[in-house]
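Each remark here refers to the structure printed beneath this line.
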Number of protein chains: 2
Amino acid sequence: MQHGFGQFCPIALASEVLTQRWTLLILRELLAGSSRFNDIRRGVPRISASLLKARLETLEHAGIVERRQGRGRDVHEYFLTAAGKELKPILSNIGEWGQRWAREIEPEDLDPGWLVWNIHRRLDTAEMPPGRTVIQIEFSDAPRNARYFWIVNTDGGVEVCLKSPGYTVDLRARTTVRVLAEVWRGIRPIRRELRAGTIHLEGHSALRRAFPKWLLLSTYAPIRRKRSSRSEV
Amino acid sequence: MQHGFGQFCPIALASEVLTQRWTLLILRELLAGSSRFNDIRRGVPRISASLLKARLETLEHAGIVERRQGRGRDVHEYFLTAAGKELKPILSNIGEWGQRWAREIEPEDLDPGWLVWNIHRRLDTAEMPPGRTVIQIEFSDAPRNARYFWIVNTDGGVEVCLKSPGYTVDLRARTTVRVLAEVWRGIRPIRRELRAGTIHLEGHSALRRAFPKWLLLSTYAPIRRKRSSRSEV
DNA sequence: CGGTATCCCCCGCGATACTG
DNA sequence: CAGTATCGCGGGGGATACCG
């Protein structure tokens, strides 16, 4: 299979770049503000380093991405060009459509690390106590090596740890990947899950009570699903 | 490579269907009003029958397309569901983006049959004389078997013929695929090409003079290109 | 940190021929 | 008209190891 479609239709020409495997997800990360190679990988964890590099080069040649030397010898940054920034409405539309109409979440989609990474990016730290806050998340249904995560908020920003950062935990949240994923997607109401105990919180009461406030969900969460849950197999 | 991306992000889930090879072009055809298998193929001529069938089935399973029995035993029609119709803004955005930013047209994109098929779909017959009108197009740069096309407008509609339909030709247009393609895309101004003689018309003068009126261009033609023509190789 | 370099498998897809 | 059936290859991309 060659690359092209044998047409000069603008949709066909755009598709040559945009519909390559992983490309839309890389663009989503860049639009979300990532610029470092490994930050992009954290948002697209299943892509291999070599393929990510190849895709970034394709995007560079297509005039969508620009690669710049960052501060430091081994620091590089990837930025969207004007053409790349204009892809934003496309990505938004696809996200909205996906929220309404894409297939249900299957077990193999439930990557706990990815979920925590996305949560940490959108924490509303203004709704959290001042100073350092350490949140531990436990996924009771995750494999051993992906069961515990720590999110640490300091004045310097929010970070994810895969091992205990050492500090005292201020809030412990126990749930399943499935529940938190569907809450994040806006499919399950967060307060209902708290009441039902499928999300169990332990720790400082102020932090606990404000949980639905500082836990910002997916930007597409407010969009209501239209696909009937009982669709065909 | 599995199909999924290991994420429950709505963009990732939508991508599983939408970024499959040819899929966007099939959707473009359905949104343009095609519903018959072979009509879709005329708009996506380089796809094989088996692959088109496979893609349509995938789209059916994804709830985007619905297959119905038409009038007659061997007549089937493909329609967009509500979910499918909601893809329209995505396709429009991609088309607009492609018009502005996609790569230049290369020789292998210049399919003359595809061009004529798209022109015939958007003829403004109200700007043409009443009764039957036969237009012959000659592409001086096309291979022998794709050099001549006839567009026949009658009360019953507009049709494309690959062989002379027998009727007298009312207007003969001689040009190159490149010129007409770039005119259709809105990259070259039609009147300039007529003046320069790179589009040469012969025949009824009323039909000739109204040529820029009844020849409707791509819906994206009014959108001005932003990519610098002298971009990197 | 930000990549390279290989190896190799698998399957997507193009080509062609045939059918109810 | 609207597909089915079959075959074979090319190369996309996953996995893994290594590097400046």
Side-chain angles (χ1 to χ4, degrees), chain A residues 1-7 12 15-26 29-30 34-61 65-79 108 111 159-160 162, chain B residues 1-7 12 15-26 29-30 34-61 65-79 108 111 159-160 162:
Chain A
M1 106 189 171
Q2 247 84 271
H3 238 77
F5 296 97
Q7 299 182 6
S15 296
E16 288 180 23
V17 181
L18 300 182
T19 70
Q20 285 196 95
R21 186 163 165 78
W22 299 110
T23 293
L24 250 35
L25 304 184
I26 295 166
E29 288 306 305
L30 291 167
S34 293
S35 60
R36 304 285 293 276
F37 190 85
N38 282 333
D39 281 352
I40 299 172
R41 281 199 83 180
R42 262 179 280 255
V44 195
R46 308 281 262 255
I47 196 176
S48 72
S50 45
L51 193 52
L52 174 54
K53 179 58 176 168
R55 287 291 184 270
L56 286 168
E57 272 176 354
T58 302
L59 289 167
E60 220 184 323
H61 289 138
V65 157
E66 196 192 330
R67 182 184 192 255
R68 288 193 222 137
Q69 182 94 336
R71 302 200 154 269
R73 240 186 80 253
D74 286 358
V75 178
H76 301 110
E77 296 189 292
Y78 294 91
F79 291 102
E108 58 268 29
D111 183 325
E159 286 189 352
V160 173
L162 307 180
Chain B
M1 109 190 171
Q2 247 85 270
H3 237 75
F5 296 96
Q7 299 182 5
S15 296
E16 288 180 23
V17 181
L18 300 182
T19 69
Q20 286 196 93
R21 187 164 163 78
W22 298 112
T23 294
L24 250 36
L25 303 184
I26 295 166
E29 288 307 303
L30 290 167
S34 293
S35 59
R36 303 286 293 275
F37 190 86
N38 282 333
D39 281 352
I40 298 171
R41 281 198 82 179
R42 262 179 280 254
V44 194
R46 309 279 262 256
I47 196 174
S48 71
S50 43
L51 193 51
L52 174 54
K53 180 55 177 167
R55 287 290 184 270
L56 287 168
E57 272 176 353
T58 301
L59 288 168
E60 221 184 324
H61 289 137
V65 158
E66 197 191 330
R67 182 184 192 253
R68 290 194 221 134
Q69 182 93 338
R71 304 201 152 269
R73 240 185 81 254
D74 286 358
V75 179
H76 301 110
E77 296 189 294
Y78 294 91
F79 291 102
E108 59 267 28
D111 183 325
E159 285 188 352
V160 174
L162 307 180

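Proteins come first, then strands; the chains are lettered A, B, ... in the order of their sequence lines, and each starts at number 1.
- Under the side-chain contact (heavy atoms from CB on, under 4.5 Å) test applied with A:Ile47, the options A:Ile40, A:Ile26, A:Leu25 reduce to a single match, A:Ile26.
- In this structure, CD of B:Gln20 is placed 10 Å from C1' of C:dG12, rounded to the nearest angstrom.
- Screening A:Arg36, A:Arg68, A:Gln69 for a side-chain hydrogen bond (donor to acceptor under 3.5 Å, both in side chains) with A:His76, the sole residue that qualifies is A:Gln69.
- Ring orientation note: the planes of B:Trp22 and A:Phe5 are nearly perpendicular, at an angle over 60° on the 30°/60° scale.
- One interatomic measurement links the two molecules: CZ of B:Arg42 to P of D:dG3, which rounds to 14 Å at whole-angstrom precision.
- Separating the NE2 atom in B:His3 from the OG atom in B:Ser15 is a distance of 11.0 Å, to the nearest 0.5 Å.
- The residue among B:Arg36 and A:Leu51 whose nearest nucleotide of DNA chain D lies closer to the 5′ end is B:Arg36.
- Atoms CZ (A:Arg41) and C1' (C:dT4) sit 13 Å apart, rounded to a whole Å.
- Taking atom NE2 on B:His76 and atom P on D:dA2, their separation rounds to 8 Å, with Å as the unit.
- The nearest whole Å value for the distance from the CZ atom in B:Arg71 to the C1' atom in D:dA2 is 19 Å.
- Per the geometry, CZ belonging to A:Phe37 stands 10 Å off C1' belonging to C:dC1, to the nearest Å.
- For B:Tyr78, no side-chain nitrogen or oxygen approaches OP1 or OP2 of D:dC1 to under 4.0 Å.
- Closest to the A:Trp22 side chain, of the nucleotides D:dA2, D:dG14, C:dG2, is D:dG14.
- Judged by distance alone, with hydrogens and angles left aside, A:Asp74 brings a side-chain donor or acceptor within reach of the base of D:dG20, the pair sitting under 3.5 Å.
- OP1 and OP2 of C:dG2 both lie 4.0 Å or more from every side-chain N or O belonging to A:Arg67.
- Residue A:Arg21 has a polar side-chain atom (N or O) positioned under 4.0 Å from OP1 or OP2 of D:dG14.
- Here A:Arg55 reaches the OP1 or OP2 of D:dG13: one of its side-chain N or O atoms lies under 4.0 Å away.
- Between A:Asp39 and B:Ala49, the residue anchored nearer the 5' end of DNA chain C, judged by the nucleotide with its closest heavy atom, is A:Asp39.
- To the nearest 0.5 Å, atom OG of residue B:Ser35 and atom CZ of residue B:Arg67 are 12.5 Å apart.
- The nearest whole Å value for the distance from the CG atom in B:Leu52 to the P atom in D:dC1 is 14 Å.
- Rounded to whole angstrom, the span from the CD1 atom of B:Ile47 across to the C1' atom of D:dA2 amounts to 14 Å.
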